[in-house]
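Only one structure is covered here, and it is reproduced in the block below.
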Amino acid sequence: MSTEQAQVLPSGLTRRLVRDNLLTQQQAQTAHIEAARRRQPLIQYLVAEKVLDSRSIAVAASQEFGVPLLDLDAIDRQVIPLALVDEKLIRKHRVLPVHKRGNRLYMAVSDPTNDRALEEIRFNTGMATDAILVEESKLAAAIDQAMDAQDTTMTDLMDTDLDNLDIASDDDQGAGDDSDLNVDDAPVVRYVNKVLVDAIAASASDIHFEPYEKFFRIRYRQDGMLREIANPPISISSRLVARLKVMSRMNIAERRVPQDGRIKLKLSRTRDIDFRVNTLPTLFGEKVVLRILDSSAANVGIDQLGMEVEQKEAFLDCIKKPYGMILVTGPTGSGKTVSLYSALNILNEPGINISTVEDPVEIQVAGINQVSMNPKTGMTFAAALRAFLRQDPDIVMVGEIRDLETAEIAVKAAQTGHLVLSTLHTNDAPQCLTRLANMGVPPFNIASSVLLIMAQRLARKLCPYCREEDDLPREALIEEGFTEEEIAEGITAYKAVGCDRCVDGYKGRVGIFQVIKVSEVMGRLIMEGGNSIQLADQADKEGYSDLRRSGLRKVKAGITSLLELNRVTKD
């Protein structure tokens, strides 16, 4: 191709594609004409019409304009600073923010000549903008995925939408009746809706509305820790509480006794968020706590729980047994329900009958028969279990074994051809077995029915973007529980710092587990009246790690900090 011919082409990228023999002169001219006729960017046209693949175009553009090339698949879509750029600008210019450093915003683009997009984003955000080149096909998919996720979680809900959130109470009769509120309380309605939406966006598990003598505060529980997020005027505290009670179909005139209710918030056609609501009369008014029940938690895969390889293999082996009992223990909020539902999700097949009874049902799953406990109507754990056993079950899940009656029925079910999953409240796994014995279950029945016991805690994960090495002396590491051999091999512990991508240096949580399969030796110990210390010693001999040892491995891997591990495991 002559120099004169190349000059005919208006785009430097097109000239490069022709020079590199990726396009012919005729193909290039046709592409320019068709893209202009369709009012479509040239790169988008080339990819859509399959004239060239995205990768070839991106490599050529990077070489021509000297813009760094990035593989979008290597970016964690969960941490992109999407909220910094308006959705209209993202869709209009086909760009995506991928990273923020200080006052500089890095934008993924497929066309490095689109200076207008960067200028408009710079004007709207007040930040310096730099282009990073990505493949057109991957950029289009990433923009669609990001926008869908934003719509689903409502993280960028406009103020005009806060009046019309699709909220229904547990009886599905529509939103709370606003006629119970004075029309002047419209700002309160908007404020409460904003608090709910922000809590979902922040991945909070609980919302606390707390009245005191001279102030009112709202706190979120994020990653297991309570954080104060607002202090609305104390003069509107009663109206905030009244709004929450109307939404959850409670008696707003009753302020002397606790009440329970439920709210459903519809995020999209495919996803709802439930709130379990409880009020408690305190010295200065009613405290309201909302537990956020996100059914998507049931979709957490077994690999995301945080089990070590041996622990996961033992757990999977036991849940696939045709009968027996699996017990999970840990304090409230330690993730026991999520662990059990991860197992139920694996087992949930058309050929298997699964029934659960919980107090209340927190995660709703299609294909599983779920019952909420209701002592007022006689629906106790024991009553539900008796009913289950007359309904031809294969797998039964009991939310918690609290008394001898429930324990005896659960044990008998495990001995008569059913797989039973349940929880207990003890400090570690070996204490599960002695707890059952203390309830009055005969040791022989415990030894012959229990397959596996698992204790767990949830520890906050260090933010990978701001964590720093924690220079600890050898003596401190030994005191924390590391062995001489581990220290000799080298241990790099990290500490939390904090940045704009995390909360106090942590983001997300990971499970710390103690998983023990009940062996014949342990069975004999149980029948001989062995205590939890003897069972723990036997578990140690058989190579099962306790919670502390499991947690130290996660510290060594840089997943969490020693400070956080001490918070959740040290006595």
Side-chain angles (χ1 to χ4, degrees), residues 154-155 157 159 161-171 173-265 273-294 331-333 359-360 362 376 503-504 567:
M154 301 179 69
T155 55
L157 190 72
D159 285 345
D161 295 327
L162 290 173
D163 294 318
N164 301 307
L165 283 182
D166 190 358
I167 297 174
S169 66
D170 192 37
D171 55 11
Q173 294 177 1
D177 184 3
D178 289 350
S179 63
D180 289 331
L181 289 173
N182 188 288
V183 70
D184 293 335
D185 277 356
V188 171
V189 172
R190 290 162 55 82
Y191 186 83
V192 170
N193 291 350
K194 184 73 164 64
V195 170
L196 302 188
V197 168
D198 287 349
I200 296 168
S203 300
S205 60
D206 301 86
I207 312 171
H208 293 242
F209 293 81
E210 301 173 316
Y212 295 92
E213 184 178 10
K214 296 182 179 178
F215 67 96
F216 188 92
R217 72 178 177 185
I218 300 174
R219 294 192 289 175
Y220 291 166
R221 187 177 293 279
Q222 294 173 274
D223 294 334
M225 305 294 287
L226 277 171
R227 296 178 65 245
E228 186 172 307
I229 58 99
N231 291 104
I234 194 168
S235 59
I236 68 167
S237 63
S238 60
R239 288 186 285 166
L240 288 175
V241 172
R243 172 59 185 165
L244 290 166
K245 292 170 76 173
V246 166
M247 292 168 69
S248 50
R249 289 286 192 263
M250 294 182 189
N251 181 358
I252 63 172
E254 179 57 75
R255 301 181 179 90
R256 299 165 299 174
V257 296
Q259 295 187 64
D260 291 294
R262 201 159 175 138
I263 301 169
K264 183 186 290 291
L265 177 62
I273 298 289
D274 285 338
F275 296 84
R276 190 179 74 204
V277 189
N278 177 265
T279 66
L280 179 70
T282 68
L283 195 58
F284 300 106
E286 290 179 282
K287 174 178 177 177
V288 184
V289 176
L290 285 74
R291 166 64 61 90
I292 302 175
L293 310 175
D294 187 356
T332 301
D359 183 23
E362 295 190 1
K376 292 180 181 178
V503 178
D504 300 329
R567 183 182 72 85

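- Judged as a side chain to side chain contact (heavy atoms under 4.5 Å, CB included), and not counting sequence neighbours, the contacts of D504 are R227.
- Atom NE2 of residue H208 and atom CZ of residue R221 lie 5.0 Å apart, to the nearest 0.5 angstrom.
- Looking at residues two or more places apart in sequence or on another chain, you find a salt bridge (charged side-chain N to carboxylate O under 4.0 Å, His left out) between R291 and D206, E362.
- The two atoms that bring K214 and I234 nearest to each other are C-CD1, 3.8 Å, heavy atoms only.
- Annotation: the span from L244 atom CG to F209 atom CZ amounts to 4.5 Å, rounded to 0.5 Å.
- Note that CG of L290 and CG of L196 are 6.5 Å apart. Values are rounded to the nearest 0.5 Å.
- In this structure, the separation between CD on E228 and CZ on F215 is 7.0 Å, given to the nearest 0.5 Å.
- Residues V241 and E286 share a closest heavy-atom pair of CG2-O, 3.6 Å.
- The two residues A242 and I252 make their nearest non-hydrogen contact at O-CG2, 3.9 Å.
- The shortest heavy-atom contact between P232 and I236 is CB-CD1, 4.1 Å.
- The main-chain N or O of S203 is never found under 3.5 Å from a side-chain atom of Y220 such that the two would form a donor-acceptor pair.
- Closest approach of D274 and K264 over heavy atoms only: OD1-NZ, 3.2 Å.
- Between F216 and P211 the shortest heavy-atom distance is CD1-CA, 3.6 Å.
- Between atom CD1 of residue I207 and atom CD1 of residue I292 there is a gap of 4.0 Å, rounded to the nearest 0.5 Å.
- With rounding to the nearest 0.5 angstrom, the OG atom of S205 is 10.0 Å from the CG atom of L293.
- Formation of a donor-acceptor pair under 3.5 Å by the K245 side chain with backbone atoms of E254 is found in this model.
- Judged by distance alone, with hydrogens and angles left aside, the side-chain atoms of Q222 form a donor-acceptor pair with the main-chain N or O of A202 at under 3.5 Å.
- Test V197, V192, D198 against K194 for side chain to side chain contact (heavy atoms under 4.5 Å, CB included) and you get one pass: D198.
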Start with the C-alpha gap between M247 and N193, add the side-chain angles, then the distance that decides, and say whether side-chain contact (heavy atoms from CB on, under 4.5 Å) holds. CA-CA 10 Å; M247 292 168 69; N193 291 350; 4.1 Å; yes
